[in-house]
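Heads up, the thing below is written out as structure tokens.
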There are 4 protein chains.
Amino acid sequence: MPRPPGHGPGYEIKRQEIIDKAAALFAKKGYAATGIAEVGDVAGLARGALYYYIGSKENLLVEIQDRVMRPMLASVHRIAGLEEEPVLRLRMLSQTLLENILARLDHVWVYEHDYRNLHGDNRARLLRQRREFENIVQELLVAAMDDGSFRKLDPRLATLQFLNLHNHTYQWVRTDGEWDAEYLSRAYCATLFRGFAGPGRQFDDIEDRMRAYLAQRVTPGPLPRTGEE
Amino acid sequence: MPRPPGHGPGYEIKRQEIIDKAAALFAKKGYAATGIAEVGDVAGLARGALYYYIGSKENLLVEIQDRVMRPMLASVHRIAGLEEEPVLRLRMLSQTLLENILARLDHVWVYEHDYRNLHGDNRARLLRQRREFENIVQELLVAAMDDGSFRKLDPRLATLQFLNLHNHTYQWVRTDGEWDAEYLSRAYCATLFRGFAGPGRQFDDIEDRMRAYLAQRVTPGPLPRTGEE
Amino acid sequence: MPRPPGHGPGYEIKRQEIIDKAAALFAKKGYAATGIAEVGDVAGLARGALYYYIGSKENLLVEIQDRVMRPMLASVHRIAGLEEEPVLRLRMLSQTLLENILARLDHVWVYEHDYRNLHGDNRARLLRQRREFENIVQELLVAAMDDGSFRKLDPRLATLQFLNLHNHTYQWVRTDGEWDAEYLSRAYCATLFRGFAGPGRQFDDIEDRMRAYLAQRVTPGPLPRTGEE
Amino acid sequence: MPRPPGHGPGYEIKRQEIIDKAAALFAKKGYAATGIAEVGDVAGLARGALYYYIGSKENLLVEIQDRVMRPMLASVHRIAGLEEEPVLRLRMLSQTLLENILARLDHVWVYEHDYRNLHGDNRARLLRQRREFENIVQELLVAAMDDGSFRKLDPRLATLQFLNLHNHTYQWVRTDGEWDAEYLSRAYCATLFRGFAGPGRQFDDIEDRMRAYLAQRVTPGPLPRTGEE
DNA sequence: TATGAATGAGACTTCATTCAT
DNA sequence: GATGAATGAAGTCTCATTCAT
């Protein structure tokens, strides 16, 4: 998203650094309570130079939101489109979601807390993306009900339970801790899948199939992100 | 928490009204983005008179937090002290928690979003109360593991799952909607208790026992709050 | 034009004082080159208090324009509606126009110079008022041509000559000087009426009739303004 | 007015282009409201290069003023020095004045509007030149009174009427329109000369003599400018 | 109790200018 | 000749708070 024409090669790099540092500040103190001067301080830039890179304070917020939502949506779309059974896709989606949260914890904090400071189109776009995300989750849950994996639940309420459990994680999780995305995802899904299970259904093999799926992929490792970064 | 000495009889009433209206504003626009002038406007009071009642803007935030935390802790302490088995007490606690959230939705929104604007002692007290609350939940969950109701889970992670599921509700719940605290509590606990269940355990009778408990009480009706208001 | 509800009796008075002083400053240095801090200095008010009265810098400009245009249009409409012959009405209009210019010389300076700093509706309204004013002048000139007082001229160009001659006066006139509105109006009209005169027409009696008209009025003195001030 | 020593051949050309474009911008938005960045944009130059050519923003204003005043004064001095009768010289001067205004309409706009942004010597020089110009006009008018062409008028007020009529033209004239300098000059002088005429004087032949004078000149066409460009 | 007026710090943003490369 | 990056002062405006009445 380069701004005015005619910027040197270092421009975009420095710009991304500034956004990084701003996200950390906003996460710690809140967007509204953080002054642009503080952003300049941590970026080592005078106010004027700062604006050369960021355009406006709200624009900084937009960029942070984008960094959260763009890769998240990309991952989730990819997973939803896989030819696997719904419960496995939910397990994958859970892990991707947590990976994204953990990877950019301060961005997510800002994303969850300060979107009310967006105005006009920026705000509308954000809300649209949120709904898009929720719809995908809901469709997978309904698919799992339809194939008998889950009992018949109110789809909306089931979706909200799924999201409550995952999204609230940013409030307390520590990236330096013992828990990583995979561990949390296993725990959450263990609870949710048993809790949602249809009569006689169990999902003892879901972790095996998860491993199998990942092993079959050319590049073993964490679930790849599709995002641009 | 009466402030300066020597106030007429209407003082406390008006004060509570102001806090009500401030909470609504803060919930809608965020604490930092709401001006004290707006509070005055909706309260129908000029700036000077407003300060006569509220002391300071941060104090308003403290009061709102108190209104959430005080009755919540009181209810939870009462329930934790009942002579019922842990799973039933968790079911009660879940409902009380949701009742409190729904009863003061905008207060809860402020409570969850804007506590970072508290400073010094106010902040410390808040964090202490949060931990106190979480500990009670955790003790109940451990008790349920100990009596075999739940499988052996990481107690901390089990607690956080319980809290994620309940606390994130404020983000989307509507008080005018079809879902009340009882309905949500039944749904959440159905998921959690099945998800946490120890081998061979089921909780098909938990709702009956909930009803039985409530019926035996002198005053039927919603779980009583202990709070001051 | 009282602003927010609930202002004391002195509010409007002080507000008008501020506008006075701002007009003087803007006239001397130009609107864009004058800082709001300077306005505060000459008004003896800190920045905050200043904004309590003015709302915004552009609003100050709007008020100044209004002070020029409102009474001007009112006078001119009144004169145009009189049952006197066109040339006499033009003579009256000339004097009123100059009286308005001399009465608020610095306002007029701002009005002529800085209207480009108005935006949106404010600008549109100003341009509308200017056209309205010019149309009245043009109609009177055409009426004078129709009754044979003036020769057949291009109406638009005649109007512009009339306005050039009068409006540019603000550039050099001094209110402390020997020339008042009546003197200037006599001189300008002497030039214009001879210059525009139809064949065989002279206006030697126009000053007598002007005096007669004024004498006949109940309150002798300067042409009354209709404006609110 | 070449600036730093040692410039290539294209320097002055590019410099003049920049001044052209700056004048257009200043005329449209006002000097104070136009940023140096905008000048750079329309000139296709980055900030650094721009300053290589212009020195400073105020210098740009000085150059624009010079482009108006220099050729104007030259023409006017030339005409004043002709051996023709005063009224004819005034007619010539009128046309030259209007030609200069129309030829550089945006420069004139800036000249009339933004001279208050000049400081120190630049400002003093401008005011000196304006007075010089006015004095020439006044001398011609007095000469016309002395030879009986015009009646006895206050010389200063006659001068100001002459200048009002001509100088205010920049406010509304369009170069694409039907009116050119010659047409306007004829109309203005028709008004002024009849308006100023001494007893029994008429100037029916002034346009013929104007044509005759121009025809006699080697190079027929518009009044030549003496200016450097 | 209540008010309108005042404050002053600090918010975000723009701008003319400079300079190493 | 030309560029992009950086500066710092100054610009407009907001806001929590105080206080005489």
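Convention: sequence-line order gives letters A, B, ...; per-chain numbering from 1.
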Margin query: Is it the case that the base of dT18(E) and the side chain of Arg47(D) share a donor-acceptor contact (distance under 3.5 Å, atom types as modelled)?
Written below: no
From the list [options], which nucleotide is the closest neighbour of the side chain of [X]?
X        : options                  : answer
Ile36(B) : dA16(F), dA6(F), dG1(F)  : dA16(F)
Ala46(D) : dG1(F), dG4(F), dA6(E)   : dG4(F)
His7(A)  : dT17(F), dT13(E), dA5(F) : dA5(F)

Can you tell me how far [atom2] of [N] sits from [atom1] of [X], to the nearest Å?
X        : N       : atom1 : atom2 : answer
Arg15(A) : dG4(F)  : CZ    : C1'   : 16 Å
Asp41(B) : dC15(F) : CG    : P     : 12 Å
Leu60(C) : dT12(F) : CG    : C1'   : 13 Å
Glu12(C) : dG4(E)  : CD    : C1'   : 15 Å
Glu58(C) : dG11(F) : CD    : P     : 18 Å
Glu17(A) : dA5(F)  : CD    : C1'   : 14 Å
Asn59(B) : dA16(F) : CG    : P     : 14 Å
Leu45(B) : dT17(F) : CG    : C1'   : 15 Å

Next item on the list: Measure across Ile18(C) and Ala43(C) and return the closest heavy-atom pair with its distance rounded to 0.1 Å.
Entry: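 Residues Ile18(C) and Ala43(C), closest heavy atoms: CG1-CB, 4.2 Å.
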Note to self: Show the nearest heavy-atom pair for residues Ala22(D) and Val39(D), with the distance to one decimal.
What the structure shows: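 So the two residues come closest at CB-CG1, 4.1 Å.
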Are any of [X]'s side-chain N or O atoms less than 4.0 Å away from OP1 or OP2 of [N]?
X        : N       : answer
Tyr51(C) : dT14(F) : no
Lys14(A) : dA6(F)  : yes
Tyr53(C) : dA6(E)  : yes
Tyr52(B) : dA2(E)  : no

Check: Charged N to carboxylate O under 4.0 angstrom, Arg15(D) versus Glu12(D)?
Finding: yes
Next item on the list: Specify the residue among Thr34(C) and Glu38(B) whose closest nucleotide of DNA chain F lies further upstream toward the 5′ end.
Entry: Thr34(C)
Checklist line | Most 5' of Ala37(C) and Ala49(A) on DNA chain F, judged by nearest nucleotide | finding: Ala49(A)
Margin query: Among Glu63(D), Lys57(D), Gln65(D), exactly one meets side chain to side chain contact (heavy atoms under 4.5 Å, CB included) together with Leu61(D). Which residue is that?
Written below: Gln65(D)
Check: Just wondering, do Arg104(A) and Ile64(A) contact through their side chains at under 4.5 Å, heavy atoms?
Finding: no
Check: For Gly48(B), which contact category applies under a 4.0 Å heavy-atom criterion: base, sugar-phosphate, or nothing?
Finding: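 Base contact.
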Next item on the list: Assign Leu50(D) to base, sugar-phosphate, or nothing according to its heavy-atom contacts below 4.0 angstrom with the strands shown.
Entry: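 Since no nucleic acid heavy atom lies under 4.0 Å of Leu50(D), the category is nothing.
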Check: Does dG11(F) pair with anything, Watson-Crick or G-U wobble, both distances under 3.5 Å, and if so, with which nucleotide?
Finding: dC12(E)
Next item on the list: Write down the partner of dA20(E) under the Watson-Crick or G-U wobble criteria, each distance required to be under 3.5 Å.
Entry: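 dT3(F) is the nucleotide pairing with dA20(E).
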Check: Are Tyr111(B) and Arg130(B) linked by a side-chain donor-acceptor pair shorter than 3.5 Å?
Finding: yes
